[in-house]
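Only one structure is covered here, and it is reproduced in the block below.
In listed order, ligands and their atoms are each counted from 1. No experiment lies behind these values; they were computed from the predicted model shown.
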Amino acid sequence: MQLDDLYRRVIMDHYKNPRNRGTLDAEAVTINLNNPTCGDRISLQLQVEEGKVVDARFSGEGCSISLSSASMMTEAVKGRSFEEAISLAERFSGLMKGEPVEFEENEDIEALSGVNKFPARIKCATLAWNALRKGIEQQQ
Ligand code: FES
């Protein structure tokens, strides 16, 4: 199997069986963002305690790239400190620039590496990560 096929399968698996789709209670940090190029939107909720993201959920509409990215991100960020969460988001920005970064927190994220060749889709892939950054920044 070619790497592209493997990556496509990983992306479609997260799209069809999203992890952490849903909502947390009203006290959770809530960030609503939309992708200005298509109007799709995401609502990310983070449950934070003592400088850590203890739980994460997302809802909204979007394409397979944006929703699979949100699924992968929420998996990776649970249990991480704010610093670790920002490090994840920074590495994801690097991935979108074609840099060879690794995600030992959730290797599925590397399946989105091919997106960097499609500038219009980078906004789809980064939507959830921008929401994560915004949510953490609000806490600092
Ligand atoms: Fe709207 Fe990808 S086309 S988020």
Atom of Asp40 nearest atom 1 (Fe) of ligand 1 (restricted to N/O/S, atom name only): OD2
Proximal ligand 1 atoms for Ser66, defined as those under 4.0 Å from one of its heavy atoms: 4 (S)
Cys38 neighbourhood, listing ligand 1 atoms whose heavy-atom distance to it stays under 4.0 Å: 1 (Fe), 3 (S), 4 (S)
Single hit among Leu112, Thr126, Val115, Asn116 for side-chain contact (heavy atoms from CB on, under 4.5 Å) with Arg121: Val115
In one Ile/Leu/Val/Met/Phe/Trp/Tyr side-chain cluster, 4.5 Å: Met96, Val10: yes
Non-hydrogen side-chain atoms of Leu67 and His14 separated by less than 4.5 Å: no
Enumerated ligand 1 atoms positioned under 4.0 Å from heavy atoms of Asn35: 4 (S)
Salt-bridge present (Arg19, Asp13; N to O < 4.0 Å): yes
